[in-house]
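Each chain gets a letter, A, B and so on, in the order the sequences are listed, and its residues count up from 1.
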2 protein chains.
Amino acid sequence: MAKQNPDLSLLFHALSDPTRRMMLTRLAQGPAPVSELAGPTGLRLPTVMRHLSVLEGAGLVATQKDGRVRSCAIVPEALAPMRDWLDEQRALWEARLDRLDDYVMTLMKEPK
Amino acid sequence: MAKQNPDLSLLFHALSDPTRRMMLTRLAQGPAPVSELAGPTGLRLPTVMRHLSVLEGAGLVATQKDGRVRSCAIVPEALAPMRDWLDEQRALWEARLDRLDDYVMTLMKEPK
DNA sequence: GTGATACTTAGCGATATGGCTAAACAAAAC
DNA sequence: GTTTTGTTTAGCCATATCGCTAAGTATCAC
């Protein structure tokens, strides 16, 4: 089986961890250095670094180093593929429900 | 750290695998027995069963057994929490951008 | 230049994940 | 009642994930 949309896999996987979602939510309020990101999690810095790199790998967060401080910021457009998938999926389901409607209508109009 | 929304974690995790997304997409066309679900994946049945139970655990799929056949169907409303999270997150980001605008405006209006 | 600060790298341990085969089970089909 | 069909369970293997500590490295403050 082909890999088909590894982006989505990375994205969903990045979001599947509460710590990472917490970090994202914090970053939604504005950029922050790594330690400030780590604070609320109660986790050690290396652990947080790992989560951060997962978020970066998924394209959800961009970072840059300023002196000895690494500043982290959210990448708003990164969620677009997820939204697209969601919409596409909903469209498929609705199409199915429509076809089901048609089918039922056909049955009802069936002579006898 | 508290667990905060394990539902979301389950949901995102379930969606982070291409095989599971493929299965979902197939199910969007209508209910299917396990073997039909397995076919396109090229994976063995026990493997597919595992994926299926992850999807079930996340509430994305409901199944029922009819004789020796297990019929699987999508649960459309299961994606709602994800959509909510997405919207909430977008709201946060937009709020932030608004505040940034305000800040910039304040700076511009600052008398000297 | 010495020390504190802010990461960063290396590496370990426990558990989870994703694939498999082999063997069991249960309902149909014959 | 035996065989086929459609799962299901048990268990193995390789790799990935998530936490940690300990020991770097690189700036900044004195």
Side-chain angles (χ1 to χ4, degrees), chain A residues 1-24 26-27 30-58 60-73, chain B residues 1-27 30-73:
Chain A
M1 179 190 46
K3 234 196 204 159
Q4 74 162 13
N5 238 335
D7 284 10
L8 267 184
S9 296
L10 284 178
L11 212 56
F12 281 128
H13 173 247
L15 295 174
S16 75
D17 186 286
T19 299
R20 288 195 286 266
R21 289 198 305 276
M22 180 188 297
M23 289 167 71
L24 268 192
R26 163 62 191 83
L27 285 182
V34 179
S35 12
E36 193 179 324
L37 219 46
T41 69
L43 298 175
R44 302 292 184 174
L45 261 181
T47 306
V48 171
M49 284 291 295
R50 233 167 216 295
H51 284 302
L52 185 58
S53 71
V54 171
L55 287 171
E56 256 193 291
L60 284 163
V61 164
T63 77
Q64 63 177 20
K65 204 149 180 188
D66 232 348
R68 59 184 161 171
V69 173
R70 174 170 303 275
S71 178
C72 312
Chain B
M1 179 189 47
K3 234 196 203 162
Q4 73 161 15
N5 238 335
D7 283 10
L8 267 185
S9 296
L10 284 179
L11 212 58
F12 281 127
H13 173 248
L15 295 174
S16 73
D17 185 285
T19 299
R20 286 194 287 266
R21 290 199 304 277
M22 180 188 298
M23 289 167 70
L24 268 192
T25 303
R26 163 62 192 83
L27 285 182
V34 178
S35 13
E36 193 180 323
L37 219 46
T41 68
L43 298 175
R44 301 292 184 174
L45 262 179
T47 306
V48 171
M49 284 291 294
R50 247 186 146 69
H51 284 302
L52 185 58
S53 72
V54 171
L55 288 171
E56 255 193 293
L60 284 163
V61 163
T63 77
Q64 64 177 20
K65 206 152 179 187
D66 232 348
R68 60 184 161 176
V69 172
R70 174 169 303 275
S71 178
C72 312

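For the pair A:Glu56 CD and C:dC7 P, the interatomic distance rounds to 13 Å; values are reported in whole Å. Atom-to-atom, CG of B:Leu55 to P of C:dT17 comes out at 13 Å; the value is rounded to the nearest Å. Summarising the geometry, the separation between CG on A:Leu45 and P on C:dG11 is reported as 20 Å, rounded to the nearest angstrom. We find that CE of A:Met49 is positioned 17 Å from P of D:dT17, with the value rounded to whole Å. Put simply, CZ on A:Arg50 is 9 Å from P on D:dT17, counting in whole angstrom units. The separation between A:Arg20 atom CZ and D:dT17 atom P is 8 Å, rounded to whole Å. We find that CG of B:Leu52 is positioned 14 Å from P of C:dG19, with the value rounded to whole Å.
With sequence neighbours excluded, the residues that form a side-chain contact (heavy atoms from CB on, under 4.5 Å) with A:Ala38 are A:Leu45, A:Val48. Shown here are the side-chain contact (heavy atoms from CB on, under 4.5 Å) partners of A:Arg44, two or more places apart in sequence or in another chain: A:Pro46, A:Thr47. Looking at residues two or more places apart in sequence or on another chain, you find a side-chain contact (heavy atoms from CB on, under 4.5 Å) between B:Thr25 and A:Gln89, A:Leu92. With sequence neighbours excluded, no residue forms a side-chain contact (heavy atoms from CB on, under 4.5 Å) with A:Arg50. The side-chain hydrogen bond (donor to acceptor under 3.5 Å, both in side chains) test applied to A:His51 returns A:Arg20, not counting sequence neighbours.
Distances shorter than 4.0 Å separate none of the side-chain N or O atoms of A:Arg70 from OP1 or OP2 on C:dA6. Between B:His13 and C:dT17 there is a side-chain polar atom (N or O) within less than 4.0 angstrom of OP1 or OP2. Side-chain nitrogen and oxygen atoms of A:His51 include at least one within less than 4.0 Å of the OP1 or OP2 phosphate oxygen of D:dG19.
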Summary of protein contacts for nucleotides 21-30 of chain D, nucleotide by nucleotide, where a base hit scores B, a sugar-phosphate-only hit scores S (4.0 Å, heavy atoms): BB----BS--

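Side-chain contact check for B:Leu24 versus B:Leu15: some heavy-atom pair is nearer than 4.5 Å.
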Test side chain to side chain contact (heavy atoms under 4.5 Å, CB included) applied to A:Arg21 and B:Ser9, step by step: CA-CA 9 Å; A:Arg21 289 198 305 276; B:Ser9 296; 3.1 Å; yes

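Distances from the side chain of A:Leu43 to the nucleotides D:dC20, C:dC7, D:dT8 place D:dC20 closest.
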